[in-house]
Amino acid sequence: MATIKYSEQLADLEAAKNLGLLPEEFDRIKEILGRTPNFTEVSIFSVMWSEHCSYKNSITWLKTLPKDGPHMLAKAGEENAGLVDIGDGLGCCFKIESHNHPSAIEPYQGAATGVGGINRDIFTMGARPIAQLNSLRFGDINSAKTQWIMKGVVKGIGDYGNAFGIPTVGGEVFFDECYNVNPLVNAMSVGIVKEGETVSATSYGVGNPVFIVGSATGKDGIAGAAFASKDLTEDSAKDLPSVQVGDPFQEKLLLEATLEVIKTGAVIGMQDMGAAGITCSTSEMSAKGEHGMNIWLHKVPTRQANMHPFEILLSESQERMLVVVEKGKEKLVQDVFDKWDLNCAQIGEVTAGDRLKYYMNDELVADVPAGVLVLGGGAPIYKRDYKEPAYFAESKKFTISQIEEPKDLKPVMQFLAKLPNLASKRWVYNQYDSMVGGINMSTNSPSDAAIVNVKGTKKALAMTVDCNSRYVNADPEAGCAIAVSEAARNIVCSGGLPSAVTNCLNFGNPYNPEVYWQFVGSIKGMSAACLKFKTPVTGGNVSFYNQSSYEGPVFPTPTIGMIGILEDKSLQTTLNFKNEGDVIYLVGESKNDISSSEYLYSYHKVKNTSAPYFNLDEEHKLQEVITALIRSKSIKSAHDVSDGGLFMNLLESAMVTNLGFEIATDSNFRKDAYLFGEAQSRVVITASNTSNIEAELKNHNITFTKLGVVKGNACVIDGTNYGTVAEYKQSFDTSIENILN
């Protein structure tokens, strides 16, 4: 009996639907090809038109984000990652992406390969990664499942990053029951590249050879992009083959080989093989370069015998790149990868036109146009309906008068100091190598943002990831504007100037109008804040379908990764108290507001309120003042008031050097609101020369309060001793460890 050829295995609507395509999308494919597609071709369209690759439900709104700024070298969508000018002939390349679904069902590999993938996006552009950050969201920390997920994710990030040899310099960890089933694992990488040494993800030059380099291709990660584009269900564990397997030592070799091969001058274009593997890299590079490719799948080095064309095309095996080489310079490339003992196989060539033709031995198994597969080409674009959820109107009914003010505040303080969302995350970061490379300037000198040395210059980079998803859930537009503002505030308080943003937009199912309303509001808030701070969005990642069939969507979580520049390392400003007698000031205006605070949400268990007070103009003015104070070298420390309010701010500054404080509250405000409320646009600074400080603050016409002084080793408020700093530090440092061990 004759074997049916791959090209003759025609797909039907049922097969298309099983691969995640809509009926109208299957009809569109037939129209594009002028015939019924075969199974391999439908598989190609299914991953490239998945939400994860095409952004078909988000691109309309993403296009409204600001993309121009004073330091931009590569705008959003132009390259694998954002690129900004930091002076001295150097660029900073950075990006954040999610690996949520894989981490939900295989936490260790899911998180590890997320780290590997984001680093490849950086060094594919010719930049050497210098720092990593992450933003992690988990469910109830007391549940066995959450602890299993958390331990796997943290170990995966630590093992991969430590072996790869790049320091993890910052991040955030947040717990809420909405993440019980679907955790969020967002990884950010930052790299440095010299001017003129960048490489584009493009393909051109008829006859130029196409190489696959790095690891062999296996069946791990097949259809991972499609897996990330649907809700999690009780059957999601069956999708385990959609989770990739990483090898950080192989990635280290690939990094060094990649940076070396770029210097040969033989490389036309290069792209990481992440989501959708060979399919994605061949189609995106061809579309950008306005050329086609002939690809010979039987020449791809594989880990398993007899892999089918669709398996080779859709595999998301890690540590692989696609490289287009200038014809005649093949040996230069081959010699570099041979030196590093990595696969380097020519699997195709660049052609005229726009056709991608994939061959298995002598059979043409797929023939598709490159442009229709990619974002901005022929991939579908949808405008989804959205509507305000009922909870939003209800949240606005909350008033502070509904909460009785506690007569004794010490139990509240003790509760907040050991609350997992506020307590030390040292159990997490102790598993990361933060000092490899000798460039991290903030591990031993803590500041609101991570500070990384730019060797050979007087500059440093400030970097942070920020998002309070509770605020965003309460009010998506205000909450996302707060996320951008807090990221900028952290950089400013550390001595930097905010430069640009990358984002990781984590939401539920976009077909749910209430979820899509959260997404639209977040984009509006992000746009307003980024315009205000002149921090354009350089790119990032949209991650929809973060919900389960039985627990609903997670909080909307638009994570902001921001880069800033310290023009001079001497401007680095830390958050800790320095000397007894230094005066403590609160810059910015306090409010009688406890909405969406940890105090209200976790202590009083009131969970549906509006976002905390926020005014974008006031925030911008505050940051201008703090920048001026740091540049005049008038202050000893700066620390923004955020989660946990003023009390946690003071405690965090006190615990670093075990220096206490004596402050007075303001009788115009409820004491719990003054100490635990999270109204925005406030920074605590310390200084020794009070006349200079107060004159400068008055010149800027900004509200400020002389709170008190750095003194002793206790927390003294309005004359009452609420305990020693050491007492709070003990519970602050050990809270998460005690729960997990």
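Since this is a predicted model, take the numbers as computed values, not measurements. Position 1 is the first residue of the sequence, and the numbers go up from there.
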Please answer whether the main-chain N or O of Ala423 pairs with a side-chain N or O of Lys425 as donor and acceptor at a distance below 3.5 Å.
yes
Of all residues at least two apart in sequence or in a different chain, which pass the side-chain contact (heavy atoms from CB on, under 4.5 Å) check with Glu624?
His620
So Glu678 and Val641, do their side chains get closer than 4.5 Å, heavy atoms only?
no
Partner set under side-chain contact (heavy atoms from CB on, under 4.5 Å) for Ser570, not counting sequence neighbours:
Asp568, Lys633
Hey, is the main chain of Ile96 close enough, under 3.5 Å, to the side chain of Thr502 for a donor-acceptor pair?
yes
Applying side chain to side chain contact (heavy atoms under 4.5 Å, CB included), run through Tyr722 and Leu651 and close with a yes or a no.
CA-CA 11 Å; Tyr722 285 97; Leu651 187 60; over 6 Å; no
Give, for atom OG1 of Thr686 and atom CZ of Phe577, the distance between the pair rounded to the nearest 0.5 Å.
7.0 Å
Sidechain-backbone polar pair: Glu551 side chain, Cys178 backbone, donor-acceptor under 3.5 Å:
no
Show the numbers, then the answer: is there a side chain to side chain contact (heavy atoms under 4.5 Å, CB included) between Leu707 and Leu646?
CA-CA 11 Å; Leu707 285 175; Leu646 177 61; 4.1 Å; yes
Test side chain to side chain contact (heavy atoms under 4.5 Å, CB included) on Ile563 and Met188; report intermediate values, then the result.
CA-CA 11 Å; Ile563 293 293; Met188 179 172 168; 4.0 Å; yes
Backbone N/O of Leu571 and side chain of Thr573: donor-acceptor pair under 3.5 Å:
yes
Would you mind reporting whether Asp466 and Met562 have side-chain heavy atoms less than 4.5 Å apart?
no
Can you confirm whether more than 12 heavy atoms, excluding those of Lys569, are under 6.0 Å from its NZ atom?
yes
Let me see the working for Lys532 and Ser485 under side chain to side chain contact (heavy atoms under 4.5 Å, CB included), right down to the final yes or no.
CA-CA 9 Å; Lys532 193 73 172 178; Ser485 299; over 6 Å; no
Heavy-atom distance under 4.5 Å between the side chains of Ser103 and Ile149, does that happen here?
no
Close side-chain approach of Asn162 and Val436, heavy atoms under 4.5 Å:
no
Quick one: list whatever passes side chain to side chain donor-acceptor pair (under 3.5 Å) with Thr559, sequence neighbours left out.
Asn186
Please check: side-chain N/O of Arg426 versus main-chain N/O of Asp733, any donor-acceptor pairing under 3.5 Å?
yes
Atom of Met150, atom of Val428 and distance for their closest heavy-atom approach:
CE-CG2, 3.9 Å
All heavy atoms of Ala478 vs all of Phe614, minimum pair found to be O-CD2, 4.4 Å
So, do Lys578 and Val710 sit near enough that their side-chain heavy atoms are less than 4.5 Å apart?
no
Evaluate Asp408 against Lys410 for salt bridge (Lys or Arg N to Asp or Glu O under 4.0 Å), listing each step before the verdict.
CA-CA 6 Å; Asp408 184 1; Lys410 187 168 184 180; over 6 Å; no
When you measure from the centre of the six-membered ring of Tyr601, is the NZ or CZ of Arg470 closer than 6.0 Å and no more than 45° off the axis?
yes
Hey, what do you get for CG (Leu419) to OG (Ser731), rounding to the nearest 0.5 Å?
11.0 Å
Closest approach of Ser610 and Ala474, non-hydrogen atoms and distance?
C-CB, 3.8 Å
Tell me, please, which residues at least two apart from Lys397 pass side chain to side chain donor-acceptor pair (under 3.5 Å).
Glu394
Side chains of Ser189 and Gln132: donor-acceptor distance under 3.5 Å anywhere?
no
Using a 4.5 Å cut-off on heavy atoms from C-beta on, say whether the side chain of Cys493 contacts that of Val683.
yes
When rounded to the nearest 0.5 Å, the distance separating CG of Asn615 from OG of Ser681 is 7.0 Å
Phe676 and Tyr599 aromatic ring geometry - parallel, tilted or perpendicular at 30°/60° bounds
tilted
Does Tyr108 have any side chain to side chain donor-acceptor pair (under 3.5 Å) partners at least two apart in sequence or in another chain, and if so, which?
Asp159
Count the heavy atoms of every other residue, nucleotide or ligand shown that sit under 6.0 Å from CG of Asn701, and state whether that count exceeds 12.
no
Contact between Ser469 and Asp176 at the side-chain level, heavy atoms closer than 4.5 Å - yes or no?
no
Scanning both residues in full, the closest heavy-atom pair of Met648 with Asp643 reads CB-O, 4.0 Å
Is a side-chain donor or acceptor of Glu598 paired with a backbone partner of Leu416 at a separation under 3.5 angstrom?
no
OH of Tyr160 to NZ of Lys155, rounded to nearest 0.5 Å, is 15.5 Å
Find the distance between SG (Cys480) and CD1 (Ile560) and round it off to the nearest 0.5 Å.
5.0 Å
Is the backbone of Asn142 close enough, under 3.5 Å, to the side chain of Thr146 for a donor and an acceptor to pair up by distance?
no
Looking just at side-chain N and O atoms, do Glu694 and Thr690 make a donor-acceptor pair shorter than 3.5 Å?
no
Hydrogens and angles aside, do Asp718 and Thr665 bring a side-chain donor and acceptor to less than 3.5 Å of each other?
yes
Under 3.5 Å, is there a donor-acceptor pair linking the side chains of Asn658 and Lys729?
no
Between Tyr471 and Ser596 the two heavy atoms that sit nearest each other are CE2-O, 3.5 Å
When you measure from the side chain of Asn180 to the backbone of Asp140, do you find a donor-acceptor pair of N or O atoms at a distance under 3.5 Å?
yes
When the ring planes of Phe175 and Phe138 are compared, do they come out parallel, tilted or perpendicular, using 30° and 60° as the limits?
tilted
Do His99 side-chain atoms and Gly110 backbone N/O form a donor-acceptor pair below 3.5 Å?
yes
Take atom CD of Gln730 as the centre, draw a 6.0 Å sphere, and report whether it contains more than 12 heavy atoms from other residues, nucleotides or ligands.
no
Will you find, in the side chains of Ser445 and Thr574, an N or O donor that is under 3.5 Å from an N or O acceptor?
no
Any non-hydrogen side-chain atom of Phe533 less than 4.5 Å from a side-chain atom of Val492?
no
Can you give me the closest heavy-atom contact between Glu619 and Arg489, atom names plus distance?
OE2-NE, 2.9 Å
For the atom pair NZ (Lys636) and OG (Ser653), what is the distance rounded to the nearest 0.5 Å?
14.0 Å
Is it true that a side-chain atom of Asp593 and a backbone atom of Tyr613 form a donor plus acceptor pair closer than 3.5 Å?
yes
Residue list, side chain to side chain donor-acceptor pair (under 3.5 Å) with Asn608, at least two apart or on another chain:
none
